[in-house]
> 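Please find one structure pasted underneath; my questions will follow.
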Amino acid sequence: MRDALELEPGDKVRYFIFDGEVRIAPVRPIERLFGILKYDGPPATLEDMDRAIAEGACRRVLGDDWSPERLEDADRMAAEASGRK
């Protein structure tokens, strides 16, 4: 079981019950996740991240009505709400 779940001594596991079956999953410390995703591009700025979050929210809420102009409106409203200009 340790090999199958890639568990090391001292690792924690969590038990789940689904449809009468017990399932075991490793609890991974955040430090073990470092470097798991590969990205070769330039580092993203906080502004880039904020814009991506806003774009995702607009796409989710507006669907086909999404457009960059509506995202600019959302950026402006978010900046005003947070006190940024």
Side-chain angles (χ1 to χ4, degrees):
M1 189 179 304
R2 281 182 187 256
D3 291 340
L5 296 177
E6 299 177 0
L7 293 172
E8 298 174 4
D11 282 352
K12 296 181 180 186
V13 295
R14 180 161 285 143
Y15 296 88
F16 300 93
I17 299 175
F18 292 105
D19 297 324
E21 295 180 353
V22 176
R23 299 184 186 183
I24 302 170
V27 176
R28 303 274 186 227
I30 193 76
E31 296 84 19
R32 287 185 54 190
L33 299 176
F34 181 79
I36 197 167
L37 300 176
K38 305 296 180 205
Y39 177 68
D40 291 331
T45 65
L46 289 177
E47 290 79 17
D48 294 337
M49 290 184 241
D50 285 344
R51 185 161 184 86
I53 292 167
E55 181 177 330
C58 285
R59 286 179 189 268
R60 184 171 188 179
V61 170
L62 301 173
D64 292 336
D65 291 334
W66 178 87
S67 71
E69 294 80 25
R70 295 195 75 174
L71 180 58
E72 289 170 9
D73 290 341
D75 281 344
R76 182 182 44 75
M77 289 186 282
E80 290 172 0
S82 69
R84 295 178 293 152
K85 296 292 175 178

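For the single chain, residues carry numbers from 1 onward in sequence order. As the structure is a prediction and not an experimental result, all values here were calculated from the model.
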> Report the distance from atom CZ of R23 to atom CZ of F18, rounding to the nearest 0.5 Å.
6.0 Å

> What's the separation between atom CG in D11 and atom CZ in R2, rounded to the nearest 0.5 Å?
8.0 Å

> Determine yes or no for a side-chain-to-main-chain donor-acceptor pair under 3.5 angstrom, with D48 supplying the side chain and T45 the backbone.
yes

> Got more than 12 heavy atoms from elsewhere within 6.0 Å of CE, M49?
yes

> Determine, using the 4.5 Å side-chain heavy-atom cutoff (strictly less than), whether F16 and L7 are members of one ILVMFWY cluster.
no

> Could you go through R14 and I24, starting from their C-alpha distance and side-chain angles, then the distance that decides it, and tell me whether this counts as side-chain contact (heavy atoms from CB on, under 4.5 Å)?
CA-CA 6 Å; R14 180 161 285 143; I24 302 170; over 6 Å; no

> Before you tell me yes or no, could you show the steps for V27 and V13 under side-chain contact (heavy atoms from CB on, under 4.5 Å), namely the whole-Å CA-CA distance, both residues' side-chain angles and the distance that decides it to 0.1 Å?
CA-CA 5 Å; V27 176; V13 295; 5.7 Å; no

